[in-house]
Amino acid sequence: MTFALVDGNNFYASVEAIFQIALRGKPLVVLSNNDGCAIARSAEAKALGIKMGQPAHELRGLVRSHGLLMRSANFTLYGDMSARVLAILRDASPRVEPYSIDESFIDLSGVRDRIGFAKELRDRIRRWTGVPNCIGIGPTKTLAKAANKLAKRGPGVVDLTDTAARSAGLADFAVGDVWGVGPRWEAKLNALGIETAAALRDASPELIVGRFGVVLARTQRELQGYPCAGIEPTEPDRQQIMVSRSFGERVTDHAAVAEALATFAARATEKLRNGGLTAGAVWIFANSDVFRPELPQHHPSRAVTLPRPTMDTRGVLQAVSLLFRGFLRDGYAYKRAGVALLDLARPERLQPDMFRSAVAGDPALMATLDAINRRFGRGTAEFAATGWRTNPVWAMRQRNVSPRYTTRWAELPSVAC
DNA sequence: TCTGGGGTCCTAGGACCC
DNA sequence: TCTGGGGTCCTAGGACCC
């Protein structure tokens, strides 16, 4: 088999710069929700030493001294650009596995001129969407990921299919950069004298499986060129759906937190229906401000199994409202909350009841609700429990968010002549 | 003043069954 | 001296990914 990994460079930052020419060639970071920390950096921002996840308030100085630019996250825009790249990939290869918002594996088996194919594809993505990208090729997913990392160092396309190319590529490849090796395992491997991908590949398999388990043993096999995973073109059903947010400020009003939870629950149930699933249980949590340890801390969480699985927002809201009774305490300020839907299942696989259908709720009503919101925009028809169209105290802070250029007519980019 | 929001898989241990 | 041999299910925790 031959795998290719196509990965957008500095994806969020690059997408911002596609539509705002003034951002090109500048140090730019995209901030997380609430403008909290850096989640994407342009090449120029990386050169300034800005780290992934670095808090925004630590970057103030660079704004003044080096003209650093900051943008609030605009996931609507990034998601749409991601879909455009995906359409090009599906056109180029019969088997595509979207892996994240900016990465996909594609099956290159049977392609003779791999490098030529990849270079052509890379250019096409760039020309048709504006998204700069790199392509790594290898006989396993792990090697394609490694090749992609090498491609980002300059060449744009790297093929690790040949054993000679592979040996050279893995010899000075830090083991912590291998896909599946996180900071913990990197430290543990280094302590054992294993510092490069080549060293991990050549280590004793008994040592690896004994000290780290089967997960890293698979990674080792993949580094040796034996595929342990194939392309999965259809996404497996989700096991859980979570919607959670940090609030723009600390919130002491319990009713406001209840509205936030209802809003998250409605959003989660919408995602549930998009996936064609039902939920069997609901879980809620809230956190006080963990970054202020001197303040009183309270981190409650509760779950409940639903009487019958459902995809109806009303049933989920009822469960959340039951769970919420006595959930919060006076004297605490809450900074974050969330809702998760658990025990997800396809309705056709549920065991029916002797007297009632297996699924609670009204699918037709929910389909109508979703259709209205799809056509007229999110939030056109919602539930009162969410505090619909109020300006909530818990809303996210997003000081500098770009327009949704590709998904809202009113926000289309205009070109001056 | 100020620190994201999602996911997955594996393993160990405890409770319980016969 | 010496204390079976299977199982299942659930949960918590730890690791990883973007």
Side-chain angles (χ1 to χ4, degrees), chain A residues 5-12 29-41 50-61 63 70-75 78-79 82 97-105 141-142 145 148-149 175-189 208-219 222 228-229 232 235-250 260 264 267-268 271 275 281 283 285 287-295 301 303 305 333 335-344 396-399:
Chain A
L5 179 73
V6 183
D7 186 327
N9 305 344
N10 316 324
F11 186 67
Y12 301 158
V29 297
V30 173
L31 301 175
S32 62
N33 282 332
N34 275 318
D35 295 344
C37 63
I39 55 170
R41 306 153 293 159
I50 296 170
K51 299 276 177 289
M52 189 73 172
Q54 196 169 348
H57 62 90
E58 291 178 9
L59 304 176
R60 286 293 140 69
V63 172
M70 304 209 260
R71 287 288 178 276
S72 305
N74 185 345
F75 291 108
Y78 312 147
S82 172
E97 178 186 332
Y99 177 65
S100 75
I101 193 165
D102 69 331
E103 292 175 60
S104 293
F105 288 103
K141 284 179 160 179
T142 302
K145 283 283 273 187
N148 192 284
K149 234 166 210 173
V175 75
D177 287 339
V178 172
W179 188 41
V181 178
R184 296 289 168 87
W185 286 357
E186 179 184 21
K188 205 166 150 187
L189 285 164
I208 297 302
V209 77
R211 303 267 190 123
F212 299 87
V214 299
V215 176
L216 193 64
R218 275 201 290 260
T219 298
E222 289 229 325
C228 298
E232 303 293 343
E235 206 181 335
D237 286 339
R238 299 239 156 287
Q239 298 176 28
Q240 59 171 60
I241 291 172
M242 169 139 62
V243 175
S244 73
R245 292 283 180 282
S246 293
F247 304 148
E249 53 188 84
R250 285 186 286 273
F264 303 157
R267 179 75 194 109
K271 289 187 182 182
W283 180 72
F285 74 90
N287 288 165
S288 47
D289 194 341
V290 294
F291 294 105
R292 288 283 164 276
E294 71 277 13
L295 297 176
S301 87
T305 301
K335 191 68 196 336
R336 178 179 155 85
V339 173
L341 303 177
L342 312 170
D343 292 349
L344 307 190
M396 287 192 298
R397 221 181 9 248
Q398 292 196 293
R399 291 210 179 84

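A, B, ... follow the sequence lines: proteins, then strands. Residue 1 opens every chain.
- Taking a 6.0 Å sphere around NZ of K51(A), one finds it holds 12 or fewer heavy atoms contributed by other residues, nucleotides or ligands.
- For R245(A), the side-chain atoms get nearest to dG6(B) when compared with the rest of dG7(B), dG6(B), dT3(B).
- Side-chain contact of R336(A) with S244(A): a donor-acceptor pair under 3.5 Å is present, judged by distance alone.
- Here the P atom of nucleotide dC17(C) and the NZ atom of K145(A) are 9 Å apart, to the nearest Å.
- Pairing for dC18(B) is with dG5(C), a Watson-Crick or G-U wobble pair whose two hydrogen-bonding atom distances lie under 3.5 Å.
- Distances shorter than 4.0 Å separate some side-chain N or O of R250(A) from OP1 or OP2 on dC2(B).
- Within the 4.0 angstrom heavy-atom criterion, only backbone atoms of the sugar-phosphate kind lie near D102(A); the bases stay farther away.
- Checked against dC2(B), dC9(B), dG4(B), the side chain of H57(A) finds its nearest nucleotide in dC2(B).
- Residue Q54(A) is out of contact with every strand shown, counting any heavy-atom pair closer than 4.0 Å.
- Put simply, R292(A) has no side-chain N or O that comes within less than 4.0 Å of OP1 or OP2 on dT1(B).
- No contact: L216(A) has no heavy atom under 4.0 Å from any strand.
- P183(A) comes within 4.0 angstrom of the backbone, heavy atoms only, and of no base.
- Between W179(A) atom CH2 and dG7(B) atom P there is a gap of 19 Å when expressed in whole angstrom units.
- Taking only side-chain atoms of N33(A), from C-beta outward, the nucleotide of dA15(C), dC2(B), dG4(B) with the closest atom is dG4(B).
- Summarising the geometry, the separation between CD on E294(A) and P on dT3(B) is reported as 13 Å, rounded to the nearest angstrom.
- Distances were taken from every side-chain heavy atom of R238(A) (C-beta onward) to each of dG7(B), dT3(B), dG4(B); the shortest belongs to dG7(B).
- Using a 4.0 Å cut-off, some side-chain N or O of S246(A) falls inside it from OP1 or OP2 of dG5(B).
- For the OP1/OP2 pair of dG6(B) and a distance below 4.0 Å, the side-chain nitrogens and oxygens of S244(A) include at least one atom meeting the criterion.
- Proximity of R336(A) to the phosphate of dT3(B): no side-chain N or O atom is located under 4.0 Å from OP1 or OP2.
- Nearest nucleotide to the side chain of M242(A), out of dG7(B), dC18(C), dG4(B): dG7(B).
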